[in-house]
Every structure is written in structure tokens, then in C-alpha cells.
Amino acid sequence: MKSLRWVMLLLVVMGLIASFWFSQGWLQLCAGLAIFLFGMQCLEEGLRQLAGSKLEQILGRSTSTPFKSLLFGVGGTLLLQSSTLVSLLTIAFISTGLIQLAGGIAILFGANLGATSGIWLLALAGQNLSLSPLALPLLVFGVLAGFFGPKSKAAGRIVLGIAFIFLGIDQIKDGFASFGDGLDMSGYQEGGLRGALLFTAIGLAITVVLQSSHATLMLTLAALAGGQLELGQSLAIAIGSNVGSSVTTAFVGSLGGNRNGQRLALAHVLFNITTGTLAFCLLGPLTWLVHALAEPLGLGENSLIQLAMFHTLFNAMGVALFWPLQGRLAQLLIRWLPERSEPQVLITELASEKVAEPERTRARYLNERALDSVEAASGAVVQELGHLGRLSLEVICHALYLPVDQLARAKGDDQLLQARPARGGFEAEHLYQFHIKGVYGDLLSFMGRMELPMDEAHQQFWVSCQLAALQLVDAVKDAKHLQKNLGHYLDAPPSAVRDAYVELRRHLLATLHEVRELARADLPEEAWQARLRWLDEQAGSFDARFRQRLFAEVRDGRLDGLQTSSLMNDLGYASRIFQSLRNVLMLGSEQALFRELRKFGEEQESLIRLS
């Protein structure tokens, strides 16, 4: 499949090279489009870098009411000049809990309204106005700004983005002019429903390919101004571009593991398809209304303004239709896409099942779009640490040859603690390779790709998250080492050394239970710290008693030196497992890293009721 993609990409590149050789106008048009899209990327990156972590503060203030959320969507699209990007950012925000579903829906309404701003600017500028003279000094200032620190460089990136957008617009206009009659579709005589459907499909396809309804509408304006399109055809393309802008949102939302993100993506699709269908059905009346509004203003012959007016009218119509239904829509989305019931146990395959090697467990919550915001990325990391923590606890429990439901018990089942390991059971090394390593690697890779500037608090948070993940992995590695001797002696006949390993097993299970309970506990800071100190005392007390017991049994001749050395080493592993998890607790108390592990604890309570 990968080689097929490379072959297709090579064919496309070769086709473009050949087309550029035979048509100078086509080359000019494609170059203008590339410059325009590059300018949008520069503008997006500059705004993100300049805003940094302040974006979340702005977001919190701007989404407290539905109307503020609407204005945030309009303003964000005005700045970024991409309703698709605003929609994807909103999915990232809602997936990590920064905003609620109803607020996200209102932002999407605003993004669709804001998408009309770019076409108005281009229409008002007109076909005869050249933007290149404005772009040239902007290029100079944008480059100079890059030499005066990170903030200045981000501002310069914004200025460069605007300059490239201006240059791209002029280049596209020149490209259409060079085509002349070669791209003239104004004489296309397929009228009525079929013709409208055809041009709507063209608008949808171009938007899906370019990933930008702004770029599609800009091309449409240039073609309309150059006489290659009629007004009716351009109106149908505008409808198609609106529907096409939701395709990327739907694709990204469907890939994400978070239900709220999927609900918001579905809301965007429903809004755009409903609005586009309604505008298509009312194409005739809306066209008449546009003419009626344009005539008194002396714009009856200005097709560019009429296209912008039509685009604003049908988007405003969609917002007016959906605005009273926001609450109802949110309820329906929750009903259509209910929360997935989490499995009570994540790790189910046995190490002996190696006929078909299981696929590595991967990260659940690390959406690439979350990297567009420091706070969204931080929320995604917290969720993924919860996932890694849950997997780690399960692996440690399996390293003790115990079922996961024992973690939820204050005291383990004595019969299970005394039992021999089941044949063909879980092997800690295998579980580490296939359930811990992949998630840990994804987490580090995600954090390494964060390029946005962070304030001191976020930098400290990032370091705490890295340390917490490392401590979880260290705890699992120590459990791997412990499992070898534990399995060997638990499978042996009754003896003093076997009794000692049963006691070590009992202690470690109790420790895991207490750590998990403390992670879930919603206590005042002083009470929480007091309970942690008590846990420290219990661990230290057990270590001292266990050592005394070992040496007493050596003196009585019940243990030999080799058995004692194995027990002392494995006591060290058990102590390090506790210390690693304790360190994660300390980091979590400062950064709320165990928000997701609390969910895990609540799920495990159901196991007690079922058993």
C-alpha cells in the first residue's frame, strides 16, 4: 500500500511537470495557488506561536456563553483565514476538555460566518486592484522581524503570511487571464439541476483537495472576474466549497478516540450539509434576493460582490436555522454517539497465544491537532498518562500472577495469594513489549513535537509529565525482574522460601491497592499528604520486618544463603516499584496527572460488585 502511494505521487508529480511544460498559464495559476496556501500556513503558524499559552486564556474568556463562542469562531476565522483550521482546533479543545460540546457547536457556527470575511475582502478589492505593491514591503519587514527574538519572529511570520497571500492572489488572477478562453466555462450550457449539481460537485472536490474553502472561493472569484465563470455557476461552487470544508473535520474527528471530538465533527458535517442542501434548494430565490439587494446599491453589475453577498446570506441562514437548536443538537449528538463503555480489563491476551502476534498497544488520546495549542496538548498528555498508568498497574498485577480485579480489594483473596501461577499465564516481558513500550514511545514522540512557546508553568508541567511516564515504566521494569523468582518459588512445594514470597506478593498487592486508592482520593491537601506519609511508614515498616524475618529463618536453618539473597533482591524490586508509583503520585498531586486513573478505579469497583 505504501509503495502504491509513492507510485501515485510520482505519477502526479510527472503529470504536473508535463502540464507546466505545455501551458505557461497553468503553471502561473498553480504557482499562485501554492504561494497563497503557503501564506495561509505562515499566517497560521505565526498566530499560534505569538499566542502561545495565552490562547487558552482567551478561549476561556471567549466561550463562557453561546454568543461569545460564536464571536470567537468568527474572530478566529478572520485571523486564521481558515474555517477548517478553526474547526480542527475546536475539536482538539473539546477532546481535551477545555470547552464543552455546546460551546464547540457555537464556535463552528461562528467559523462558518467568519469564512465569509475573506471573500468579501477579495470582492471589495476587485479584479483590477493589484496587491503586489503592498506585498513587497511586507516581505521586507517580515524577514527583518525574524532577527529580533521569538516574539518578533512570530509577528514577522504573520506579516510574511499576509504578503504571500497578496502575492498569491495576484498570481492566480494573472494565471486565469493567461488561460483566456482555454478555461472558459461561462458558455457551458448544461442548465437546471444537472448544471447546478455539477458545479457544486466541482466546488466540493476542489475544497477537499486544497483543504481550504478560502482557496476555492478565491479561485472562483478570479475565474468569475476573468469571465471564465458565470455568476450562477460560481454560486453553486460556493455551496460545494462550504460542504467540502467539513470533510477534513469529519475525517480527523472520526480518527480521534474522544467521543466529544467525534460529536463536534458530526455537528460540523450536519450543519454544512444541511445549510448547503437548503441553499441548493433555494438557489433560485437566493439568487433573486442577491440581485434585489445589489441593485439599490448600484452593484447590479458587480458579480464579485454578489457572490460574496450570496455566501454570507446562506451561511447566516444556516446559523439562524441552527441557533435555537443548539441544546437539542448537543443532546441528539450524545444520544447518537454515546460514550464507549471502557473495558474492565485492558490486557486480555495470554503470552502463550503467539500464533498471531498481537499488535502493539498505541496511544489513545494524542491527536496531532492538539499540538496546535499548549493547553490542548497538555490535556491530551494527561489523558494518555492515565492510559499508561492503567496499563502499568495491570502489567504489575499480572507480574504477580494475580487477576486485575484484585487491585480493587483492600485485602487480596488469600486463596489466590497462596495459589500457584496458572500455566500459560501472563509474562511481564511480553506485556511490557506489547502494551507499555508503544504507548510510552508515542507519548515521548508527541511531547517532542511540541514547538509552541511555553511559559514557565507549562514547561514545569511538561517535565513533570515526562518524569511521571518514566517512573511508570521503571515500575513495570522492576516488576519484570521480580516475576522470575516469584514464579519459580510460588510453583515450588510448600517451604519457608515459598511462604516468604507469598508474603511479599501480599504486601505488594496491598501497596498497589493503597497507591491506586490514594490516586483516586479527593481529599484536602493536608489529609492527602498525611495518608501518603502513612503509606510511607507502612512500606518502611514492612521492609524492616521482612528483613528481620529472613535473618531469623537463616539462623533457624529454614533458609539458605542463596534463597535469602533472592528474597533480598526481590524485596528491593518491590520497594522500587512502590517508590516509582509514589513519585508519580507526588507529581500527580501537583499536576492532576491521575485524573484518568480515578476513572480506572471507579471501573474496578464494578468488578467487586460483579464478583
Side-chain angles (χ1 to χ4, degrees), residues 37 40 73-74 77 80-88 90-91 104-105 107-120 185 190 192-221 223-224 229 231-255 262-287 290 307-323 325 329 333 336:
L37 293 174
M40 290 182 64
V74 172
T77 309
L80 297 175
Q81 285 300 294
S82 174
S83 59
T84 301
L85 176 62
V86 172
S87 302
L88 294 177
T90 307
I91 287 179
I105 292 173
I107 290 175
L108 289 184
F109 294 164
N112 275 66
L113 276 179
T116 66
S117 60
I119 191 172
W120 271 103
M185 300 188 72
E190 186 72 50
L193 181 62
R194 290 181 62 183
L197 280 173
L198 173 65
F199 284 96
T200 300
I202 289 172
L204 190 152
I206 294 174
T207 304
V208 169
V209 171
L210 298 180
Q211 298 288 290
S212 170
S213 59
H214 276 69
T216 303
L217 290 170
M218 191 264 298
L219 287 170
T220 306
L221 277 171
L224 182 63
L229 281 176
L231 179 61
Q233 296 167 339
S234 65
L235 300 184
I237 291 175
I239 294 173
S241 72
N242 232 49
V243 176
S245 68
S246 64
V247 172
T248 302
T249 309
F251 178 71
V252 172
S254 66
L255 290 181
Q262 294 175 352
R263 290 168 187 151
L264 193 64
L266 179 58
H268 192 208
V269 172
L270 287 174
F271 176 82
N272 279 23
I273 289 179
T274 303
T275 304
T277 303
L278 190 60
F280 186 85
C281 295
L282 299 176
L283 188 57
L286 284 174
T287 305
V290 166
L307 175 57
M309 196 178 294
F310 172 81
H311 192 249
T312 301
L313 275 176
F314 85 76
N315 273 290
M317 178 181 64
V319 172
L321 176 66
F322 276 85
W323 189 258
L325 306 174
L329 177 60
L333 290 168
W336 292 337

Side-chain contact, heavy-atom cut-off 4.5 Å: [X] with [Y]?
{"X": "I237", "Y": "T200", "answer": "no"}
{"X": "L197", "Y": "F280", "answer": "yes"}
{"X": "L333", "Y": "L264", "answer": "no"}
{"X": "L266", "Y": "Q262", "answer": "no"}
{"X": "L204", "Y": "S241", "answer": "no"}

Taking the inter-plane angle between the rings of H311 and F314 on a 0 to 90° scale, is it parallel (under 30°), tilted (30 to 60°) or perpendicular (over 60°)?
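Ring orientation of H311 relative to F314: perpendicular.
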Which atoms form the tightest heavy-atom contact between [X] and [Y], and what is the distance?
{"X": "S234", "Y": "L307", "answer": "O-CD1, 3.7 Å"}
{"X": "L113", "Y": "N315", "answer": "CD2-C, 4.2 Å"}
{"X": "G244", "Y": "V208", "answer": "O-CG2, 4.1 Å"}
{"X": "L270", "Y": "F322", "answer": "O-CZ, 4.0 Å"}
{"X": "G276", "Y": "V243", "answer": "CA-CG2, 4.2 Å"}
{"X": "F109", "Y": "V319", "answer": "O-CG2, 3.8 Å"}

Show the numbers, then the answer: is there a side chain to side chain contact (heavy atoms under 4.5 Å, CB included) between R194 and L198?
CA-CA 6 Å; R194 290 181 62 183; L198 173 65; over 6 Å; no
Distance-only donor-acceptor check, side chains T275 and N112, under 3.5 Å:
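Their side chains do not contain a donor-acceptor pair, so the 3.5 Å distance test is not met.
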Assess, by modelled atom type and distance only, whether the side chains of T207 and T216 contain a donor and an acceptor separated by less than 3.5 Å.
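Yes, because at least one side-chain N or O of T207 sits under 3.5 Å from a partner of the opposite role on T216.
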Would you please test N242 and S213 for side chain to side chain donor-acceptor pair (under 3.5 Å) and show each step?
CA-CA 7 Å; N242 232 49; S213 59; 5.6 Å; no
Run the side chain to side chain contact (heavy atoms under 4.5 Å, CB included) check on L235 and F199 step by step: do they pass?
CA-CA 9 Å; L235 300 184; F199 284 96; over 6 Å; no
